[in-house]
There are 2 protein chains.
Amino acid sequence: MKSEIDIEFSNEGVIHEDVVRKALSEQPAEELLADLADLFKNFSDTTRIRILSLLISDEMCVADITAALNATQSAISHQLRILKQSRLIKSRRAGKIVYYSLADEHVKTIIAMGLEHITE
Amino acid sequence: MKSEIDIEFSNEGVIHEDVVRKALSEQPAEELLADLADLFKNFSDTTRIRILSLLISDEMCVADITAALNATQSAISHQLRILKQSRLIKSRRAGKIVYYSLADEHVKTIIAMGLEHITE
DNA sequence: ACAACATATGAACAACTATTCATAAGTATA
DNA sequence: TATACTTATGAATAGTTGTTCATATGTTGT
């Protein structure tokens, strides 16, 4: 009997079965890849990446972000919500004002990584 | 006269002018951020990230990718075109078969980076 | 030249997304 | 509590995007 793990895929039209089998066995779990796509979705919109880029400098309140990006308060607020739900940013309230900041260092690293790729 | 660089932003509603000024002065160019968003767009779709993840293991032909991902040949082909236009992958032809592979190491690094963020 | 096979591409459609507009919710101060 | 101010949110809309279907292009062998 075989000691190999059984990898499932439709054999239909496969040309190099060994390559497919190997690649699939080395793949991260399907769910991880979905989460990964969701993570990168946050960086795939100009408004959101501009917000994140601003927050690398310092924490900022909604009004300041809005002015800095020359956008609508509503648009910024909507995007902040998305970023917060993805746990990339966090917020703290001081009276009427809500300050947003990066949730951890990863955002910095990912953006730096991307910039490196582009400006090489 | 002032020796500072003049940063433009609508003063409307600004609360902490110094913070806005500082953040804006540290920002990458507008165009760079747009390119960055475009780069991450490639990783923000499950099909595309699954393709990239497969290609980390080895170069693969369209038929094999199609089978491995249990998708349509057309869908894969369309996404391969997008990835190629973004210069994340390259292709070589051997007869009827076209093999795709990662264009450079950055893809690996970016995916690894993302996985690290998720699985921490 | 023809048949068989691998890949690419254009058009159409459904699903998703970002913005706007109007308004609500939360907070401070008079 | 009335007002002004900051932020959040729901609905509507316009624009974008991924997949499918049909078909074209390119390649090999007969």
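A, B, ... follow the sequence lines: proteins, then strands. Residue 1 opens every chain. The model shown is predicted, which means the values in this text are computed figures rather than measured ones.
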Below the 4.0 Å mark, does dT20(C) have OP1 or OP2 next to a side-chain nitrogen or oxygen of T72(A)? yes
Separation of atom [atom1] in [X] from atom [atom2] in [N], rounded to whole Å:
{"X": "K84(A)", "N": "dT7(D)", "atom1": "NZ", "atom2": "P", "value": "13 Å"}
{"X": "N70(A)", "N": "dT20(C)", "atom1": "CG", "atom2": "C1'", "value": "15 Å"}
{"X": "H16(B)", "N": "dC5(D)", "atom1": "NE2", "atom2": "C1'", "value": "14 Å"}
{"X": "I89(A)", "N": "dT7(D)", "atom1": "CD1", "atom2": "P", "value": "13 Å"}
{"X": "I76(A)", "N": "dT9(D)", "atom1": "CD1", "atom2": "P", "value": "15 Å"}
{"X": "R92(B)", "N": "dT27(D)", "atom1": "CZ", "atom2": "P", "value": "15 Å"}
{"X": "E12(A)", "N": "dC5(C)", "atom1": "CD", "atom2": "P", "value": "13 Å"}

Would you find a donor on one side and an acceptor on the other, under 3.5 Å apart, between the side chain of S53(B) and the backbone of R50(B)?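 Here the side-chain-to-backbone pair does not exist.
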Is a side-chain donor or acceptor of R92(B) paired with a backbone partner of Y99(B) at a separation under 3.5 angstrom?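 No, R92(B) side chain to Y99(B) backbone: no donor-acceptor pair under 3.5 Å.
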Within the 4.0 Å limit for protein heavy atoms, which parts of nucleotides 6-11 of chain C are touched? Write it as a string from 5' to 3', B for base, S for sugar-phosphate only, - for none. SBBBB-
In terms of the angle between their ring planes, are H117(B) and H106(A) parallel, tilted or perpendicular, with boundaries placed at 30° and 60°? perpendicular
Do V14(A) and V19(A) make a side-chain contact, defined as non-hydrogen atoms from C-beta onward lying under 4.5 Å apart? no
Non-hydrogen atoms of K90(A) and L102(A) that approach each other most closely: NZ-O, 3.3 Å
Looking at every heavy atom in both L36(A) and L115(B), which two are closest together, and how far apart are they? CD1-N, 3.5 Å
Short N-O contact, D18(B) and R21(B), less than 4.0 angstrom: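 Salt bridge: no.
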Which of residues 44-53 of chain B sit near DNA chain D, with a heavy atom under 4.0 Å from it?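 Here the set is D45(B), T47(B), R48(B).
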Does CD belonging to E120(A) count more than 12 external heavy atoms closer than 6.0 Å? yes
Got more than 12 heavy atoms from elsewhere within 6.0 Å of CD, E31(B)?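 For E31(B), atom CD is not crowded (no more than 12 foreign heavy atoms under 6.0 Å).
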